[in-house]
Asks: 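The structure's right below; bear with me while I get my questions together.
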2 protein chains.
Amino acid sequence: MPSHKNRKVTQMDVARYAEVSTGTVSRVVNNIPLVDGPTRTKVLRAIEELGYIPNHAAQALAQGRTKSLLLLILDKQPILPSTWQYELPVLQGINDYIKKHGYTLQIEITNYGQGETAEDVGDTILRGRSVDGLLILTSWEIDEEMLRKIHGYAIPAIFIGNGPYRCGGHPVGASVRFDNYSVIRETYRILYGLGHRRIAFIKGSTDQIHSSIRLSAFLDAAAESGTELPGPYLAEGHYSVQGGYQAMYGFARLTERPTAVICANDLMAIGAMKAAAELDIPVPRELSITGFDDIEISEYLSPPLTTVRVPAYDLGKNGASLLIRQIEQGTPPEDTLLPAAIVLRKSTDKNAG
Amino acid sequence: MPSHKNRKVTQMDVARYAEVSTGTVSRVVNNIPLVDGPTRTKVLRAIEELGYIPNHAAQALAQGRTKSLLLLILDKQPILPSTWQYELPVLQGINDYIKKHGYTLQIEITNYGQGETAEDVGDTILRGRSVDGLLILTSWEIDEEMLRKIHGYAIPAIFIGNGPYRCGGHPVGASVRFDNYSVIRETYRILYGLGHRRIAFIKGSTDQIHSSIRLSAFLDAAAESGTELPGPYLAEGHYSVQGGYQAMYGFARLTERPTAVICANDLMAIGAMKAAAELDIPVPRELSITGFDDIEISEYLSPPLTTVRVPAYDLGKNGASLLIRQIEQGTPPEDTLLPAAIVLRKSTDKNAG
DNA sequence: CTGTTAGCGCCTTCAG
DNA sequence: CTGAAGGCGCTAACAG
């Protein structure tokens, strides 16, 4: 593919060069079968030799589709590293999938609720249907106003990590999530199976959607097992190291200290481990601790942390896949729930009590 | 803004409704001053009432510009959490800046060198000039082939985090970086000022561009200070917890153990601290340790880690700003070097030797 | 100041 | 199977 000085090679140039009409070039470019072998070859050579590349805007205008998707990331906080850790593999999953399918990705990060109104959000996309579909990534609950707006776009949409949502009767996009509930319940059962009967839970900020699901999974599991009622064994850790640390100090003060603590994320588990170390409570001998997220360092803690690995990459991949299918084949969206995996490491063990 | 059933409201509709021509509508939309007050008002009302939104593709086609930028993320590894930590604030900085200026962001993540050739990369952008400018984000050295390709695009480009580069004589895009060199040198000096004379360095993977700069900063600082020649005080830690851990074990074996260790990132510092703990070397009493990146947990380690905070957000913001200025005003690109800040915490102290 | 009219580059009927 | 031609929605140069 030699380099060419001339700025823009157009379909017309190719047509002339190959001695055919622009219509034929178009057919070749779009892989429409109704083209004779030799003609197609001629055209392909012309394209190659001239270094022709179709103009995206012109295609979009003529076909009424852009082959572009918008990933809308809704976050309330300016930046939250632990959230990024989850969101980036999702982005990567989307990226990898759509690239294979000839789509392009636009992205917009928006601090909805912090200075931006629902009106601002996705202004980009409205600006002239510059996108064929919408992926919405957030760990927060989506309010009515936002839902109405998304629904108003009348564009295929997928929620990643939450939903499904409805707006005024009908669904607003499909949902691709991972199973927060089952994995926490399973974690509880494993601990129970190890002989633990006083199992505590450090929850995260309650307005985060994953947080409330994890909490109810814990509560349900506790109820099912007929163990101690959670009451004092429940603390708020705000998803931070600090929060986990303080929560653990609270638990340690109880006369009947928990023998296991499930944390709604790894950072809180790290805080809890730190507190346990300070309080001379050996982990896992006298206290089992579990986390959630499997962040990079969890493996290197002392002891290495038992935690949950979230299928973030697959979340993105599946979301993109569903969305593209819907766009191209009109397949009605179908909600998906991916499993999350427990990673057993050394921070959990049999109850020695 | 009432909702409208009709699919697409076009400029023509607005023109008819406001009883003007499409040209006038266009002028209003584009804020071209040559429109009479009353006329403008009429048009604006019509736009409002009909819910008109200009079609992006049509604008792009007519004006030959897309008001869209491409962020190209080049990474060799599939996913590297520590890299994400740095790249996401950059993305956020870009996002925030361009949104204010009416630009849209496309993103492409590419594993150059792992299955993808330079030919594949940025295929998106080539596909019809669907973008006005290019931001390139990577921590790796960029090879000649890639440079030639980027240069061939003949599109404004900015390198974030590396560069500046040249290709066959002339520069290929401007560069926005942060000052790896000075901050490591300064770290060395601070340690020297604290009385340390045996200062070791754990470097990262040498093909990462930041890594080699940090290394030479260390070497230069050591030479300037006339302290022990680095020789044995230099180890490779591959930017991982594991690597830092092993490197520290190596240092501990020396007859003249270093009294301070500078690590090229926080993960390695964590590994080093872990090793120190196992070896019963108190930090910071007998060993000062510093990191780089200021990742989320560094603040909560025992002791909290002295490290370097990278201006990632500003990197993105400045990159976007430079790029847009270049696109809109043709201002020649100007390389930028942002300062990085040392965050002094408890892992460093006077040399007690 | 405003209307008219060519395109922008490509797709897609409609003939042939 | 292929060429011709209208049109996607908007902008910009040119009249008036």
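In what follows, chains are A, B, ... by sequence order, proteins preceding strands, each numbered from 1.
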Asks: How long is the line joining CG of B:N55 and C1' of D:dT11, in whole Å?
Replies: 13 Å

Asks: Output, in order, the C-alpha distance, side-chain angles, deciding distance and verdict of side chain to side chain donor-acceptor pair (under 3.5 Å) for A:Y17 and A:E49.
Replies: CA-CA 9 Å; A:Y17 189 92; A:E49 306 211 330; 2.6 Å; yes

Asks: For B:R65 and D:dC10, what is the distance between atoms CZ and C1' respectively, to the nearest whole Å?
Replies: 11 Å

Asks: Mind calculating the distance between NZ (B:K8) and C1' (D:dC8) to the nearest angstrom?
Replies: 8 Å

Asks: Counting only side-chain nitrogens and oxygens, does A:T39 get under 4.0 Å of the OP1 or OP2 atom of D:dC1?
Replies: no

Asks: Specify the residue among B:E19 and A:Y52 whose closest nucleotide of DNA chain C lies further upstream toward the 5′ end.
Replies: B:E19

Asks: What's the CG-C1' distance between B:L34 and D:dA15, to the nearest Å?
Replies: 15 Å

Asks: What is the separation between atom CD on A:Q59 and atom C1' on D:dG9, rounded to the nearest whole Å?
Replies: 16 Å

Asks: Which heavy atom of B:L50 sits nearest a heavy atom of B:V9, and at what distance?
Replies: O-CG2, 3.3 Å

Asks: Would you call B:K99-A:E108 a salt bridge at under 4.0 Å N-O?
Replies: yes

Asks: So A:N95 and B:I107, do their side chains get closer than 4.5 Å, heavy atoms only?
Replies: no

Asks: Can you confirm whether A:P54 sits close enough to A:Q11 that some side-chain heavy atom of one is under 4.5 Å from a side-chain heavy atom of the other?
Replies: no

Asks: Using a 4.0 Å cut-off to any heavy atom of chain B, which nucleotides of DNA chain C are the first and last in contact, reading 5' to 3'?
Replies: C:dC1 to C:dG9

Asks: If we ignore angles and hydrogens, is there a donor and acceptor under 3.5 Å between the side chains of B:Y165 and B:E144?
Replies: no

Asks: Residues from residues 21-30 of chain A sitting under 4.0 Å of DNA chain C, heavy atoms only?
Replies: A:G23, A:S26, A:R27, A:N30

Asks: Taking any heavy-atom pair under 4.0 Å as a contact, classify B:Q63: base, sugar-phosphate, or nothing.
Replies: sugar-phosphate

Asks: Any side-chain heavy-atom pair from B:M146 and B:D143 closer than 4.5 angstrom?
Replies: yes

Asks: For A:E328, is there an ion pair with A:R65 - N to carboxylate O distance below 4.0 angstrom?
Replies: no

Asks: Rounding to a whole Å, what distance do you find between A:M12:CE and D:dA5:C1'?
Replies: 12 Å

Asks: Specify whether A:H170 and A:H151 have parallel, tilted or perpendicular ring planes, treating 30° as the upper limit for parallel and 60° as the lower limit for perpendicular.
Replies: parallel

Asks: If each of A:A58 and A:D36 is mapped to the nucleotide of DNA chain D with the nearest heavy atom, which maps nearer the 5' terminus, i.e. the 5' end?
Replies: A:D36

